[in-house]
Amino acid sequence: MTAPRQPARFINRLATRTYNDLRKLGTSREFHVRETIIRQGAEDDHALLLLSGSVKITCIDESGYEALLAVRGRGDLIGEMAPLQGQPRIATATACSELWVRILTRRQLTDFLETHADAALAVTKMVMSRLEWANRRRIDFGAYPAPVRVGRVLAALAREYGRSGAQGWELGVPMTQLELASLVGVKLSMVEKTLGDLQRKGLVVWGYRKVLVTDMRRLCEFSGLSSENP
C-alpha cells in the first residue's frame with residue numbers, strides 16, 4: 001500500500017493560463033507566525049490562495065477541545081467553503097511560518113469559477129481529495145493500532161510538506177506532540193511513547209515542535225506503507 005498523501009495542491013490542478021488569471025485576482029497580504037488567518041465562527045466570505053508558507057487548520061468543539069484537522073501549504077486554496085456556501089467558518093487557520101497569500105472576495109472567486117471550467121473542476125477534485133484524506137484516517141483508526149497510525153501520518157506529512165536533506169526528511173511544519181495526537185486521533189501518552197520508540201529505532205528525531213524523519217523507508221515499513229518515491 002502506498003503512503004496516503006495529503007490532497008494535491010489546488011494550483012497543480014490548474015492549466016498555466018488559468019493559474020496566471022487567478023494570480024491577477026484579489027489582494028496580496030503577509031501573515032506572521034502564529035497569526036490567525038481565518039477564525040472559526042466568523043461570518044466573512046473570502047478565500048485565500050497560499051503563495052508561500054504553511055498553515056494549520058484547527059477546530060474547537062463544544063467542550064473546548066482544540067483538534068488539529070489538517071495542514072495546508074504553498075499552492076493550496078483555503079477558506080473556500082464560506083464564500084461558496086454562505087455559511088460561517090467551521091475551522092480556524094493559523095500561520096505556522098511567514099506567509100504570503102492572495103485574498104479573493106466571494107464575487108472574485110465565484111466569477112472566476114464560472115468563467116474557468118478547469119478551476120471549477122479543480123475545486124471539486126480538491127474537496128473530494130480532502131474528504132478521501134479524512135476517510136483514510138477513519139479507516140486507519142479501525143484497521144491499525146495507534147503506533148502504526150502515528151507512523152502513517154508522519155510519513156504522509158513528510159512526503160507532502162517535508163523537505164529532503166542530508167539527514168532525512170524535515171516535517172516542514174512546526175508541530176507539538178499534542179497536535180500530532182489530535183491529528184492521528186490518539187492519546188498524547190501514546191504519541192509520546194510511539195515517538196520515543198521510533199527515535200530509539202533510528203526512524204525519527206523529535207525536537208521542540210520539530211520532526212525529522214531520518215529513515216523514510218523503515219518508517220514506511222513500520223507503518224505498512226510502500227517506500228517507493230518517498
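Count residues from 1 along the sequence.
Between Cys59 atom SG and Glu66 atom CD the span is 9.0 Å, to the nearest 0.5 Å. For the atom pair CD1 (Ile60) and CD (Gln40), the distance works out to 6.0 Å, reported to the nearest 0.5 Å. The distance from the CG atom of Asp111 to the CG atom of Leu25 is 9.0 Å, given to the nearest 0.5 Å. For the atom pair CZ of Arg106 and CD of Glu80, the computed distance is 14.0 Å after rounding to the nearest 0.5 Å. Atom CG in Leu188 sits 4.0 Å away from atom CD in Glu192 (nearest 0.5 Å). With values rounded to the nearest 0.5 angstrom, Asp45 atom CG is found 10.0 Å from Glu43 atom CD.
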Test salt bridge (charged side-chain N to carboxylate O under 4.0 Å, His left out) applied to Lys193 and Asp197, step by step:
CA-CA 6 Å; Lys193 181 180 184 302; Asp197 291 342; 3.0 Å; yes

Between Val55 and Val71, is the side chain to side chain contact (heavy atoms under 4.5 Å, CB included) condition met? List the steps.
CA-CA 6 Å; Val55 303; Val71 174; over 6 Å; no

Check the pair Arg23, Asn20 against side-chain hydrogen bond (donor to acceptor under 3.5 Å, both in side chains), reporting the backbone distance first and the verdict last.
CA-CA 5 Å; Arg23 285 290 301 266; Asn20 290 336; over 6 Å; no

Test log, rule side chain to side chain contact (heavy atoms under 4.5 Å, CB included), inputs Cys96 and Glu179
CA-CA 13 Å; Cys96 47; Glu179 288 173 332; over 6 Å; no

Verdict with supporting geometry, Ser28 and Arg102, side-chain hydrogen bond (donor to acceptor under 3.5 Å, both in side chains)
CA-CA 5 Å; Ser28 294; Arg102 293 292 290 184; 2.6 Å; yes

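Neither Phe10 nor Ile57 shares a network with the other; the hydrophobic side chains, linked directly or stepwise wherever heavy atoms of I, L, V, M, F, W or Y lie under 4.5 Å apart, form separate groups for each. A continuous path of ILVMFWY side-chain contacts below 4.5 Å connects Val191 to Met175, so both sit in one hydrophobic cluster. Connection of Leu198 to Leu171 is established within a shared hydrophobic cluster, with ILVMFWY side chains joined at heavy-atom distances below 4.5 Å, either directly or through further cluster members. Residues Leu77 and Trp100 share a hydrophobic cluster, clusters being chains of Ile/Leu/Val/Met/Phe/Trp/Tyr side chains in contact below 4.5 Å. In terms of hydrophobic clustering, with Ile, Leu, Val, Met, Phe, Trp and Tyr side chains grouped at heavy-atom distances under 4.5 Å, Met190 and Leu203 are assigned to a common cluster.
Nearest heavy atoms, Ser223 versus Gly151: OG-C, 3.1 Å. The two atoms that bring Phe31 and Ala95 nearest to each other are CB-CB, 4.4 Å, heavy atoms only. Heavy atoms only, all atoms of each residue included: Trp169 and Ala158 are closest at CE3-O, 3.3 Å. For Arg149 against Val184, the heavy-atom pair with the smallest separation is CB-CG1, 3.6 Å.
In this structure, Glu30 and Leu99 have side chains that are not in contact, with every pair of non-hydrogen atoms separated by 4.5 Å or more.
A salt bridge links Glu221 with Arg217: at least one charged nitrogen is closer than 4.0 Å to a carboxylate oxygen.
Counting non-hydrogen atoms of other residues, nucleotides and ligands closer than 6.0 Å to CD1 of Ile90 gives a total of 12 or fewer. Environment of CD in Gln199: crowded, with over 12 heavy atoms of neighbouring residues, nucleotides or ligands closer than 6.0 Å.
Arg9 and Asn12 form no side-chain donor-acceptor contact under 3.5 Å, judged by distance and modelled atom types alone.
Under the 3.5 Å distance criterion, the side-chain polar atoms of Asp44 are left unmatched by any main-chain donor or acceptor of His46. A donor-acceptor pair under 3.5 Å is absent between the side-chain atoms of Thr36 and the main chain of Arg39, judged by distance alone.
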